[in-house]
Amino acid sequence: MKGNEKQTPRVAVVTGGARGIGAGIALRLAQDGHDIAVLDLDAMACAETVRAIEKIGRRAVAVAANVADEAAVKFAISHIVDALGPPTIAINNAGILRDRTIGKMSINDWDSVINVNLRGTFLVSRETQSHMRSAGWGRIVNLSSTAALGNLGESNYAAAKAGVQGLTKTLAIELGRYGITANAVAPGFIETAMTAEVAERVGISFDEMKQQAIRATAVGRVGQPDDIANAVSFFADERSGFVTGQILYVAGAPRG
Ligand code: NAP
């Protein structure tokens, strides 16, 4: 496959695809020619993303599942196989924050963040890789974060996102021989409901928080879901088969 030749259409699963970065990724992969399973906690919340994908002529299905729940993930992937076909692109985007400094961090804050961000990435990767192996082709793209480098009040999230990086590199080593690549995108500040909720929690306006974030960039703006979707699209591309085990910081400044 060369230049602008069309890619082979695939089935992609995008976790946390109802809104924010996940919705941006789902739409971009549909524009790249793929059919999309939009997986999120609430199937109704996926309706807008599904409609946007169908509008550009691709098939889409909303799938309700908690990525941290082993049985739910197994069921969801088998449902996707029935509805769209075997998923050979997996985008592990679902994530949550429960920010507290270490003295105030409860076991529940720790476990819930590790379970969604890290365990969820493991479970969805494990359930989809068998379909990729059968196809002799696959792409796994995981969402890490600049927080993996350390971030105030985010020991749980930083550990999970650093864990995602180790998991990604190991998946690359284990699965490369089957035509499967595994890479991670590590965003900086992206304008979504997640960052708006952080502003609310720390008691500053979202505009003020965005101004602070802009000062930490070289490019003088905050990121948008499309910035991340573009990086994910590159890793998922058929022509990116020699790129694996990489962590790409997409943060408007040098990171990592
Ligand atoms: P978001 O706006 O909060 O969207 C996350 C989506 O994931 C929501 O639809 C959420 O559903 C869903 N979700 C949460 N827990 C889930 C679970 N257990 N199973 C399935 N779906 C679940 O977040 P975002 O800003 O788009 O972030 C997307 C990813 O990028 C996350 O992994 C995040 O850690 C990472 N990231 C974001 C930023 C940023 O600045 N925004 C920076 C670095 C990394 P509900 O709405 O029902 O909770």
Side-chain angles (χ1 to χ4, degrees), residues 11-31 34-56 58-87 89-99 106 108-128 131 140-145 156-157 160-161 164 185 187 190-201 206 224-226 228-229 232:
V11 173
V13 53
V14 182
T15 72
R19 69 178 196 193
I21 293 171
I25 293 169
L27 199 58
R28 174 58 190 264
L29 292 181
Q31 286 161 348
H34 307 302
D35 295 330
I36 315 290
V38 184
L39 186 153
D40 213 289
L41 284 171
D42 175 9
M44 296 288 279
C46 300
E48 206 178 306
T49 311
V50 166
R51 254 197 314 276
I53 293 164
E54 288 172 343
K55 218 170 149 188
I56 56 171
R58 301 309 317 178
R59 294 185 304 152
V61 64
V63 184
N66 174 357
V67 294
D69 179 333
E70 183 180 23
V73 169
K74 277 184 191 287
F75 186 77
I77 300 303
S78 69
H79 175 60
I80 292 164
V81 172
D82 292 344
L84 297 176
I89 300 176
I91 315 298
N92 286 299
N93 165 82
I96 59 165
L97 296 174
R98 294 286 180 274
D99 293 3
S106 69
N108 193 43
D109 294 330
W110 177 268
D111 285 346
S112 50
V113 167
I114 298 291
N115 285 345
V116 176
N117 293 278
L118 184 54
R119 184 184 212 247
T121 300
F122 154 67
L123 287 173
V124 174
S125 300
R126 192 184 64 180
E127 287 317 305
T128 52
H131 297 293
I140 297 171
V141 187
N142 299 326
L143 269 287
S144 180
S145 167
N156 51 358
Y157 185 71
K161 294 303 194 183
V164 164
V185 178
I190 309 298
E191 190 171 353
T192 68
M194 180 183 267
T195 40
E197 282 159 20
V198 173
E200 205 177 320
R201 197 167 50 246
F206 195 31
Q224 298 298 329
D226 279 352
I228 305 308
V232 170

Got a sec, which residues hit side chain to side chain contact (heavy atoms under 4.5 Å, CB included) with [X], two or more places apart in sequence or on another chain?
X    : value
A62  : A43, C46, V50
A193 : R19, E197
I96  : R98, S112, V113, V116, N117
R201 : L97, D99, V198

[X]: side chain to side chain donor-acceptor pair (under 3.5 Å) partners, not counting sequence neighbours:
X    : value
E200 : none
S125 : N92
N93  : none

Side-chain donor-acceptor pairs under 3.5 Å in residues 75-84, sequence neighbours left out?
residue: S78; atom: OG; partner: F75; partner atom: O; Å: 2.9

Gap separating the [atom1] atom of [X] from the [atom2] atom of [Y], nearest 0.5 angstrom:
X    : Y    : atom1 : atom2 : answer
N115 : L123 : CG    : CG    : 9.0 Å
I25  : L27  : CD1   : CG    : 11.0 Å
D35  : I53  : CG    : CD1   : 9.0 Å

Problem set entry | Residues that R119 engages under salt bridge (charged side-chain N to carboxylate O under 4.0 Å, His left out), provided they are two or more places apart |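 Salt bridge (charged side-chain N to carboxylate O under 4.0 Å, His left out) check on R119 returns nothing, list empty.
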What pair of heavy atoms forms the shortest contact from [X] to [Y], and how long is it?
X    : Y    : result
A94  : T15  : N-OG1, 2.8 Å
I21  : I228 : CG2-CG2, 3.7 Å
K161 : S145 : CG-CB, 3.8 Å
I190 : P225 : CG2-N, 3.6 Å
P86  : V11  : O-CB, 3.6 Å
A72  : N66  : CB-O, 4.0 Å

For this session: Please list all pairs passing the salt bridge (Lys or Arg N to Asp or Glu O under 4.0 Å) test where one or both residues lie in residues 109-118, with sequence neighbours left out.
Result: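 Listed once each, the pairs are R100-D109.
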Exercise. Which pairs count as side chain to side chain donor-acceptor pair (under 3.5 Å) when at least one residue sits in residues 20-29, sequence neighbours excluded?
Worked result: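 For residues 20-29, and leaving out neighbouring residues, the side chain to side chain donor-acceptor pair (under 3.5 Å) pairs sorted by first residue read R28-D32, R28-N230, R28-S233.
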For this session: May I have all residue pairs that pass side chain to side chain donor-acceptor pair (under 3.5 Å) and include part of residues 37-51, sequence neighbours excluded?
Result: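 Every pair satisfying side chain to side chain donor-acceptor pair (under 3.5 Å) with a residue in residues 37-51: there are none.
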